[in-house]
Trainee: 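I'd like to ask you about the structure that follows.
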Protein chains: 2
Amino acid sequence: MAGVTTPGDPALTRVERKELTRQSILDAALGLSATGGLSALSLRQVAKEVGIVPTAFYRHFSSIEELGLALVDDAFVSLRAMLRDVRSPDPTFRDIIDSSVRVLTEHVRAQHEHFSFIARERFAGPPAVRAAIRHEIELCERELATDLARLPGTDAWSGDDLTVLANLIVNAVVATAEDLLVAAGRRSTEEAVAHRARLQLRMMIIGALNWRSD
Amino acid sequence: MAGVTTPGDPALTRVERKELTRQSILDAALGLSATGGLSALSLRQVAKEVGIVPTAFYRHFSSIEELGLALVDDAFVSLRAMLRDVRSPDPTFRDIIDSSVRVLTEHVRAQHEHFSFIARERFAGPPAVRAAIRHEIELCERELATDLARLPGTDAWSGDDLTVLANLIVNAVVATAEDLLVAAGRRSTEEAVAHRARLQLRMMIIGALNWRSD
DNA sequence: GTTGTGAGTGCACAGGTGTTCACCGAACGG
DNA sequence: CCGTTCGGTGAACACCTGTGCACTCACAAC
């Protein structure tokens, strides 16, 4: 065994093969960190899974923590793809909430490993990883806040109120995503979680619409 | 060195000394798991911190996971103490929300390690620990739901709606607690988080009061 | 065609890991 | 007082850990 592709592989440039094993390392790390978390992940474990010798790991990452940061990037690529789908809603769904929750459940199911990685390492990962995740989530909040500002009926709102509401929504969505992860693909449980999420989003919106009127 | 109390300690019954080192083990584990998490915690590490030989660990727990479950119990003793304080509000605070948020910040600051343990192991811990935490949080939700049911104005609500709202509130509180943990005692940041939490709780309550009226 | 680069190898080291076993000796119950 | 219980000991085990070093040798560049 000599990595993902044997060195004598034809028609593959050297940088291509390097990128290939790099991706293999990321995949292996993502899978292995599911049990025990990133900080309990060993370099040798990853190397064995990929099919390379432990020292070869250093050709790609200088430490597990650096690997973790790369995984954060990967995971948030998935998450931003989801946000894009939320913003361009399926025309068959009239209701923004229904379509958003639907997009959420589908993405969580499809990118299960990425989402559970974020949920796990958000508080358990190495400090740098935690900071990176926290930063990315903050960005999502800001994006949501500007989206909300474009909605009708928020004219009288202060910027402060907007970010507060955005934070509330993001937290609810994060919690829902985490519940969906626990549901782990059981459709009936997923549907119950989705139902609850829809009700909660409606409650929050009703609260938001009646804001400033007290 | 021979554990927390030297064996020849006077005026201490044997079970007392056993309970003492048991608590020392729990304390050490709580502190050490702060960096790396429970699943990256080693028995020998804990033993060294306590001042005990590794094998003596087994006199108290049969595995790290069992230790983890004991820690969950400890942590939720702290959390339930907080809930008790929330329910019997300080008479100097007229507003339930203000007093609740105040109680939350104070408890999170005082029991920082317990709360961060829960936040961390909720998704990163061994499966049994995760399940135990999840179960405890569900209990809190149910308690809150019955509390809400006693409040005026919720007569027309279905049980389903009550648990959904309770879940929403608990999630917001959990998220706030986690933000307070990140604030890590910096008063100004804490106050900002508390301020946001108060606004959010008000938004949710307004949404709840206008529920069923659409 | 020669040369240099660099991903992957193999070995070695010094440490840390969980768990076993026989053992000690102080506190306990009779 | 004497026998038992049991928390703590210390050595030993087989294994896993990160990392250093000299090495190969297919590829890329000239």
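Lettering follows sequence order; numbering is per chain, from 1. Quick caveat, the model's predicted, so the values are computed rather than measured.
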Trainee: Give the rounded distance in Å between these two atoms: CZ of Arg17(B) and P of dG8(D).
Mentor: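 Atom-to-atom, Arg17(B) to dG8(D), this comes out as 8 Å.
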Trainee: Heavy-atom count around Arg102(A) CZ within 6.0 Å, excluding the residue itself: above 12?
Mentor: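 For Arg102(A), atom CZ is not crowded (no more than 12 foreign heavy atoms under 6.0 Å).
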Trainee: Judged by each residue's nearest nucleotide on DNA chain C, which is more toward the 5′ side, Ala56(A) or Arg14(B)?
Mentor: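 Nearer the 5' end of the strand: Ala56(A).
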Trainee: Whole angstrom is fine here: how far is it from CD in Glu49(B) over to C1' in dT17(C)?
Mentor: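 Spelled out: CD on Glu49(B) to C1' on dT17(C) is 18 Å.
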Trainee: Could you tell me which residues satisfy salt bridge (Lys or Arg N to Asp or Glu O under 4.0 Å) with Arg84(A), sequence neighbours excluded, listed by chain and number?
Mentor: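 In terms of salt bridge (Lys or Arg N to Asp or Glu O under 4.0 Å), with neighbours along the sequence ignored, Arg84(A) is linked to no residue.
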Trainee: For Phe123(A), is there any backbone N or O sitting under 3.5 Å from a side-chain donor or acceptor partner on Arg120(B)?
Mentor: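 Judged by distance alone, no pair lies under 3.5 Å.
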Trainee: Under 4.0 Å: is that the gap between some side-chain N or O of Gln45(A) and OP1 or OP2 of dC16(D)?
Mentor: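 Answer no for this pair, as no side-chain N or O of Gln45(A) is under 4.0 Å from OP1 or OP2.
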Trainee: Taking atom types as modelled, find out whether Thr92(A) and Asp90(A) have a side-chain donor-acceptor pair closer than 3.5 angstrom.
Mentor: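 Per modelled atom types, Thr92(A) and Asp90(A) side chains form a pair under 3.5 Å.
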Trainee: Would you kindly give the CG-to-C1' distance between Leu41(A) and dC16(D), to the nearest whole Å?
Mentor: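 Nearest whole value for this atom pair: 14 Å.
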Trainee: Round to the nearest Å and state the distance from Leu20(B) atom CG to dG8(D) atom P.
Mentor: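 So the two atoms are 10 Å apart, to the nearest Å.
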Trainee: Could you state the CD1-P distance from Ile52(A) to dG6(C), rounded to the nearest angstrom?
Mentor: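 Going from CD1 in Ile52(A) over to P in dG6(C) covers 18 Å.
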Trainee: Nearest whole Å is fine: how far is dG7(D) P from His60(B) NE2?
Mentor: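 So the two atoms are 7 Å apart, to the nearest Å.
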Trainee: Using a cut-off of under 3.5 Å, enumerate the N/O to N/O pairs linking the protein to nucleotides 10-12 of chain C.
Mentor:
from, atom 1, to, atom 2, distance (Å)
dG10(C), O6, Thr55(A), OG1, 3.2

Trainee: Starting at the 5' end of DNA chain D, which residue's closest nucleotide do you reach first, Lys18(B) or Ser63(A)?
Mentor: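 It is Lys18(B) whose nearest nucleotide is closer to the 5' end.
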Trainee: Starting at CZ of Phe61(B) and ending at P of dG8(D), how long is that distance when rounded to a whole Å?
Mentor: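 My rounded result for the distance is 12 Å.
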Trainee: For Val15(B) and for Ser42(B), locate the closest nucleotide of DNA chain C by heavy-atom distance; then report the residue assigned to the nucleotide nearer the 5' terminus.
Mentor: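 Mapping each residue to its closest nucleotide by heavy atoms, the 5'-most match is Ser42(B).
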Trainee: Does this structure show an ion pair linking Asp95(B) with Arg198(B), if we count only N-O contacts that are shorter than 4.0 Å?
Mentor: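 Result for this pair is no, no salt bridge flagged.
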Trainee: Rounded to the nearest angstrom, tell me the gap between atom CD in Glu16(A) and atom C1' in dG6(C).
Mentor: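 In whole Å, dG6(C) C1' and Glu16(A) CD are 16 Å from each other.
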Trainee: Answer yes or no: does atom CG of Leu139(B) have more than 12 heavy-atom neighbours from other residues, nucleotides or ligands under 6.0 Å?
Mentor: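 Yes, enclosed.
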Trainee: What nucleotide among dA28(D), dT9(C), dT19(D) has an atom nearest to a side-chain atom of Leu43(A)?
Mentor: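 Out of dA28(D), dT9(C), dT19(D), the nucleotide with an atom closest to Leu43(A)'s side chain is dT19(D).
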Trainee: Check whether the side chain of Arg59(A) and the base of dG6(C) form a donor-acceptor pair under 3.5 Å.
Mentor: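 No pair found.
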Trainee: Answer yes when Arg134(B) and Asp179(A) have at least one side-chain N-carboxylate O distance shorter than 4.0 Å, and no when they do not.
Mentor: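 The answer is yes: the pair qualifies as a salt bridge.
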